[in-house]
Number of protein chains: 4
Amino acid sequence: MNKNRLEAFSDGVIAIIITIMVLELKVPHNPSFQALWPLWPVFMSYVLSFIYVGIYWNNHHHMMHAVKEVSGGVLWANLHLLFWLSLIPFVTAWMGENHFETAPTIAYGFVLFMAASAYSLLVRRLIAHHGKNTTLADAIGDDRKGKISIVLYLAGIALAWFAAWAGFLVYVGVAVMWLIPDRRIEQKVVEEEREEGEGAPS
Amino acid sequence: MNKNRLEAFSDGVIAIIITIMVLELKVPHNPSFQALWPLWPVFMSYVLSFIYVGIYWNNHHHMMHAVKEVSGGVLWANLHLLFWLSLIPFVTAWMGENHFETAPTIAYGFVLFMAASAYSLLVRRLIAHHGKNTTLADAIGDDRKGKISIVLYLAGIALAWFAAWAGFLVYVGVAVMWLIPDRRIEQKVVEEEREEGEGAPS
Amino acid sequence: MNKNRLEAFSDGVIAIIITIMVLELKVPHNPSFQALWPLWPVFMSYVLSFIYVGIYWNNHHHMMHAVKEVSGGVLWANLHLLFWLSLIPFVTAWMGENHFETAPTIAYGFVLFMAASAYSLLVRRLIAHHGKNTTLADAIGDDRKGKISIVLYLAGIALAWFAAWAGFLVYVGVAVMWLIPDRRIEQKVVEEEREEGEGAPS
Amino acid sequence: MNKNRLEAFSDGVIAIIITIMVLELKVPHNPSFQALWPLWPVFMSYVLSFIYVGIYWNNHHHMMHAVKEVSGGVLWANLHLLFWLSLIPFVTAWMGENHFETAPTIAYGFVLFMAASAYSLLVRRLIAHHGKNTTLADAIGDDRKGKISIVLYLAGIALAWFAAWAGFLVYVGVAVMWLIPDRRIEQKVVEEEREEGEGAPS
């Protein structure tokens with residue numbers, strides 16, 4: 001089965017998720033800069049979620065680049081990931097509109113945790129399907145960053161129970177960890193491609 | 001006529017349908033977990049509809065993979081299917097917000113029934129157009145699952161008249177039936193492709 | 001310049017337009033079939049607009065299929081068309097929510113008229129750019145249907161001034177005219193392609 | 001790394017941005033032409049933003065056409081651009097609903113300024129990555145229009161502080177500057193391609 005439509009559909013869903021979040025930035029009815037002020041928590045959570053969805057798109061892009069074909073199980077693992085990502089606009093708005101209070105901050109962390117778990121499941125599905133394809137398995141390696149993220153989300157949720165801002169800071173920290181480029185992996189893919197002499201770029 | 005834009009357009013519409021449904025999950029104004037509680041029927045219907053739209057995308061993906069070209073009639077049969085799918089967010093919200101009462105549950109089943117009929121029409125249109133293309137005709141076979149679904153939707157609608165939850169359970173059952181992988185068909189496509197020696201993957 | 005991204009972008013915008021219209025079908029708060037009744041004018045105008053946007057996508061698909069390349073002027077003529085199409089959800093909702101009264105029905109016809117004019121402009125731009133490309137010029141021919149539509153929209157607007165329902169019927173009539181397959185043109189494209197021996201389908 | 005998904009994702013996000021802006025054109029509840037009158041400032045700002053987003057898509061299309069491959073840094077520079085573009089619907093609605101008063105007009109100019117800066121950053125990232133690729137570097141040249149725009153946005157913001165309409169006129173002027181076709185650059189790309197004998201059009 002071909003991977004192109006899976007990429008196109010995922011791109012579509014992720015593009016919509018990243019864009020409809022801005023609809024939660026309710027337009028103030030007052031034409032003054034002070035009227036913008038109450039929006040800052042919503043804006044902050046919008047920025048964080050924009051970065052998170054961007055990270056997912058980015059990682060999805062990288063991973064699928066090394067993928068050769070997809071199975072029915074992979075399609076569903078991918079839809080499962082998209083489901084949790086689709087809840088990000090909801091928890092983003094809830095957290096932003098309530099100024100990062102405890103319950104919404106925990107809910108935000110929970111959705112991040114579920115999305116990370118779903119991503120990890122997708123990774124395992126893909127490796128199971130490709131088995132001998134060393135480009136994918138090697139490129140992903142032991143998925144250390146993914147595992148650390150899942151642990152950190154749990155830590156963030158636990159912290160948020162006592163101090164919501166502390167949990168929020170953990171979520172920010174995980175995003176920063178992903179933003180730092182992982183040149184080692186990019187290098188790996190390039191090398192493998194050269195070694196295997198992969199002719200037709202997808 | 002080429003099938004690529006039909007796939008791209010369908011992917012776009014289905015991606016939007018699956019994503020805008022989450023907008024019906026109205027953000028609670030209260031930052032407590034109790035505030036999430038009233039959302040559970042909307043969430044349940046969201047999950048079911050997400051799975052249904054995912055199934056349609058999945059099946060569409062599979063079917064179009066075996067398709068070689070499309071006619072004007074196929075374009076319209078496809079738009080007809082997209083029309084009924086586009087009503088899913090509406091009935092999902094109506095059913096969820098009214099806690100699965102009779103009328104909305106019947107309406108939900110009706111839209112599922114119409115979408116399944118539209119899909120069946122599209123299948124017949126495609127087979128009519130491809131005639132000699134045995135890959136498509138064989139892969140779809142007698143479309144047993146599709147026919148069973150249509151009958152079950154009607155049964156669900158009839159049941160919902162007496163007990164809405166019973167109708168809802170039938171809809172859940174149909175979704176589960178589709179989620180169980182149909183390895184026989186996947187196998188068939190792979191085999192045919194090998195036999196025909198299909199060189200250029202679409 | 002390559003036509004692929006123009007097609008992809010147009011598909012995206014048209015897919016969004018056709019799908020967000022359903023958001024105007026406000027979910028009734030009452031779980032009874034009677035609660036659906038007041039929605040019928042909105043539903044009717046949704047159906048008509050869905051068909052119209054479908055026709056535009058269909059025609060766009062056909063025309064671009066015969067196109068080889070696009071210029072800067074074509075990109076802007078295409079955006080001009082998308083602009084008028086983007087107003088369809090607005091006039092659809094206004095017409096539907098006001099039960100096809102005079103002003104909204106005229107506004108609906110005006111947007112259809114502007115979209116048809118924008119399409120005609122795009123056609124002329126494309127033919128000007130391709131000049132010697134007889135596949136495109138011949139396929140479109142004298143664009144008789146397009147010209148008849150523009151005249152009928154004007155007639156519909158004039159009629160709506162006196163009786164809104166009469167204008168609405170004219171708009172329905174134009175849609176029906178486009179739904180009737182124009183096999184002559186499809187034939188033309190196929191023939192030309194065979195004659196020119198066009199090897200690589202776009 | 002391949003550029004196709006970056007183009008597809010950007011097309012998706014830009015298509016959604018350009019289309020959801022129309023949702024701010026609130027449907028009047030009154031079926032008279034007078035009811036449309038209060039919408040004209042929202043409509044005016046919609047038209048301007050539609051043109052601006054169209055210009056960005058157009059320029060993005062042109063630039064990526066000359067691009068051969070993308071790096072991780074380019075992906076993030078692109079997401080940064082999309083972030084600022086995603087705020088255009090927000091400032092468009094704020095400016096339109098408040099009849100071009102001072103604060104919203106300044107905010108609109110600020111978002112345009114940030115988007116232009118993000119675009120300029122993306123351009124520099126791409127040139128840094130392609131270095132020896134003279135088609136891209138030459139095609140963009142010294143990016144004179146981009147630099148002039150950034151200065152004009154700052155001038156517009158400064159002017160808007162004293163007279164909002166004057167700032168607005170500057171923004172309109174910049175859009176007009178971009179609408180005037182820059183045949184020199186289009187020519188350049190065509191020439192380079194011929195010289196380099198670029199065989200496979202992307």
Side-chain angles (χ1 to χ4, degrees), chain B residues 1-21 23-24 26 41-42 45 68-80 82-107 110 164 200 202, chain C residues 3-4 6-36 39 42-43 46-47 49-62 64-66 178-183 185-187 189-190 193 200-202:
Chain B
M1 209 185 305
N2 194 274
K3 71 172 179 179
N4 289 350
R5 270 193 84 181
L6 185 139
E7 288 188 328
F9 184 71
S10 306
D11 281 357
V13 171
I14 296 174
I16 299 161
I17 290 171
I18 214 171
T19 320
I20 61 172
M21 280 192 299
L23 294 177
E24 288 301 330
K26 304 284 187 234
V42 180
S45 62
K68 300 263 184 291
E69 50 168 27
V70 294
S71 66
V74 167
L75 291 186
W76 280 107
N78 192 61
L79 274 167
H80 179 234
L82 294 179
F83 175 77
W84 289 105
L85 293 182
S86 82
L87 292 179
I88 287 185
F90 174 76
V91 286
T92 301
W94 198 34
M95 184 169 72
E97 285 174 20
N98 290 290
H99 301 71
F100 306 100
E101 289 214 27
T102 303
T105 307
I106 289 170
F110 176 71
S202 64
Chain C
K3 71 173 179 179
N4 289 350
L6 185 140
E7 288 189 327
F9 183 71
S10 306
D11 280 358
V13 171
I14 296 174
I16 299 161
I17 290 171
I18 214 170
T19 320
I20 61 172
M21 280 192 300
V22 88
L23 294 177
E24 288 301 330
L25 272 178
K26 304 285 186 234
V27 178
H29 295 297
N30 210 315
S32 68
F33 286 120
Q34 291 91 312
L36 285 184
L39 286 176
V42 180
F43 186 73
Y46 174 58
V47 171
S49 294
F50 193 96
I51 291 170
Y52 261 118
V53 178
I55 289 166
Y56 271 102
W57 178 73
N58 224 320
N59 291 348
H60 198 269
H61 179 131
H62 274 71
M64 294 310 294
H65 185 62
W178 282 101
L179 281 173
I180 297 163
D182 201 343
R183 292 190 197 287
I185 281 169
E186 253 185 63
Q187 207 55 37
V189 178
V190 173
E193 277 177 4
S202 63

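Naming: A, B, ... by sequence-line order, numbering from 1 per chain.
Counting heavy-atom pairs closer than 4.5 Å to chain B, the top residue among C:Ser10, C:Pro28, C:Gly54 is C:Pro28. Between chain B and the options C:Ile51, C:Ile18, C:Leu36, heavy-atom pairs under 4.5 Å are most frequent for C:Leu36. Of the listed residues B:Ala8, B:Gly12, B:Ala15, B:Pro104, the one with more heavy-atom pairs under 4.5 angstrom with chain C than any other is B:Pro104.
Distance check: C:Leu39 CG to B:Trp94 CH2 gives 8.5 Å after rounding to the nearest 0.5 Å. If you take CD1 on C:Ile20 and CD1 on B:Ile17, they are separated by 13.0 Å, rounding to the nearest 0.5 Å. A distance of 12.5 Å separates CG of B:Leu75 from CD1 of C:Ile55, quoted to the nearest 0.5 Å. In this structure, CZ on B:Phe9 lies 6.5 Å from CD1 on C:Ile14, to the nearest 0.5 angstrom.
Between C:Ile16 and B:Val13, the closest side-chain pair of non-hydrogen atoms is not below 4.5 Å. With a 4.5 Å cut-off on side-chain heavy atoms, B:Thr102 and C:Phe33 do not count as touching. Between B:Arg5 and C:His65, the closest side-chain pair of non-hydrogen atoms is not below 4.5 Å.
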Full working for side chain to side chain contact (heavy atoms under 4.5 Å, CB included) between C:Val27 and B:Met95: CA-CA 9 Å; C:Val27 178; B:Met95 184 169 72; over 6 Å; no
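For residues 18-34 of chain C, no pair satisfies side chain to side chain donor-acceptor pair (under 3.5 Å), with sequence neighbours left out.
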Enumerate, atom names and distances included, each donor-acceptor pair closer than 3.5 Å involving a side-chain atom of residues 82-91 of chain B, sequence neighbours excluded.
residue, atom, partner, partner atom, Å
B:Trp84, NE1, B:His80, NE2, 3.1
B:Ser86, OG, B:Phe83, O, 2.6
B:Ser86, OG, C:Tyr46, OH, 2.5

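In this structure, chain C has heavy atoms under 4.5 Å from both the backbone and the side chain of B:Leu79.
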